[in-house]
Amino acid sequence: MDEIDRAIINTLQGGFPICDQPFAAMAEPLGLTAAQLLARIIKLKADGIISRFGPMWHAERMGGELTLAAMKVPQERFDEVAGIVNSHPEVSQNYAREHALNMWFVVATEKPGRKAEVLAGIEAGTGIPVHDMPKIQEFFVGLRFEA
């Protein structure tokens with residue numbers, strides 16, 4: 001990853017412009033064209049440097065559901081289970097944790113009731129219980145990682 005890729009990652013964490021030409025608006029301060037920026041984002045994702053590029057929807061405000069979930073995954077099955085969990089398009093932000101519950105992820109759905117279906121599907125696909133930890137109160141943290 002070069003300095004331009006680092007700048008792209010750091011810039012993307014601050015938001016994405018809502019305008020007619022968002023990639024051009026974001027690319028110009030980085031000294032890139034929109035096509036160059038898009039190509040670099042695609043490569044960062046293909047190389048596994050970033051796992052996701054897309055909007056963060058507030059699922060509950062749009063009528064859906066949102067929850068934090070955790071699983072106790074045997075280490076020898078971790079990659080296999082991560083693949084099953086991540087195959088659900090409703091799953092984002094899947095992290096390994098140093099804890100008895102060593103896999104944590106977010107499930108955001110468009111429709112009420114879908115969250116339970118996704119969690120049940122993950123349990124059925126992995127054979128491992130999923131701990132559902134729904135949000136009680138929302139806080140804005142503004143977490144960023146400097147690349």
Side-chain angles (χ1 to χ4, degrees), residues 1-18 22-23 26-27 29-30 32-147:
M1 182 166 57
D2 63 17
E3 288 305 313
I4 294 173
D5 288 340
R6 290 182 200 286
I8 290 169
I9 291 170
N10 292 332
T11 301
L12 289 174
Q13 292 181 72
F16 195 74
I18 306 294
F23 285 97
M26 182 149 276
L30 295 168
L32 302 170
T33 66
Q36 290 170 324
L37 174 62
L38 188 55
R40 281 180 174 261
I41 291 170
I42 291 169
K43 185 170 184 334
L44 288 167
K45 190 164 185 312
D47 291 348
I49 304 296
I50 59 174
S51 60
R52 182 180 181 279
F53 175 75
M56 297 287 288
W57 304 107
H58 196 298
E60 292 169 321
R61 289 185 187 167
M62 298 177 70
E65 296 174 305
L66 181 73
T67 196
L68 176 64
M71 300 172 73
K72 182 178 181 181
V73 180
Q75 200 57 48
E76 66 275 9
R77 292 192 59 208
F78 200 87
D79 290 343
E80 170 212 345
V81 171
I84 294 168
V85 170
N86 294 342
S87 71
H88 293 266
E90 298 89 350
V91 170
S92 68
Q93 306 173 51
N94 188 354
Y95 299 103
R97 299 286 175 144
E98 293 182 14
H99 185 269
L101 297 171
N102 57 350
M103 182 180 289
W104 293 60
F105 52 93
V106 173
V107 174
T109 66
E110 296 177 2
K111 300 176 185 171
R114 178 72 181 130
K115 176 189 79 172
E117 293 173 1
V118 171
L119 297 180
I122 291 170
E123 284 187 349
T126 62
I128 299 172
V130 176
H131 298 271
D132 181 9
M133 298 178 278
K135 177 178 66 182
I136 296 172
Q137 183 176 354
E138 185 168 319
F139 298 92
F140 178 73
V141 177
L143 180 64
R144 293 176 53 113
F145 297 98
E146 205 62 33

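Below, each value reflects all heavy atoms present in this structure, side chains not excepted, and no hydrogens, waters or symmetry copies.
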Quick check for you: to the nearest 0.5 Å, what is the distance between [X] atom [atom1] and [Y] atom [atom2]?
X   : Y   : atom1 : atom2 : value
L37 : I4  : CG    : CD1   : 10.5 Å
S92 : N86 : OG    : CG    : 9.5 Å
M71 : F78 : CE    : CZ    : 9.5 Å

Counting only N and O atoms by type, is there a donor-acceptor contact under 3.5 Å from the side chain of [X] to the main-chain atoms of [Y]?
X    : Y    : value
R144 : N10  : yes
E65  : T109 : no
D47  : I49  : no

Kindly give the heavy-atom pair with the smallest separation between [X] and [Y], and that separation in Å.
X   : Y    : result
A27 : A34  : CB-N, 3.8 Å
L30 : A7   : CD2-CB, 3.8 Å
R77 : T126 : NH2-O, 3.0 Å
P17 : M26  : CD-CE, 3.6 Å

- Message: Taking CD in E110 as the centre, count heavy atoms belonging to other residues, nucleotides or ligands within less than 6.0 Å. Is the count above 12?
- Response: no
- Starting from the C-alpha separation in whole Å, work towards a yes-or-no answer on side chain to side chain contact (heavy atoms under 4.5 Å, CB included) for V73 and V85. CA-CA 11 Å; V73 180; V85 170; over 6 Å; no
- For a side-chain contact (heavy atoms from CB on, under 4.5 Å) with I41, tell me which candidate from I9, D5, I50 qualifies. I50
- Query: What is the ring orientation for F16 with F23, classed by angle as parallel under 30°, tilted 30 to 60°, or perpendicular over 60°?
  - Reply: perpendicular
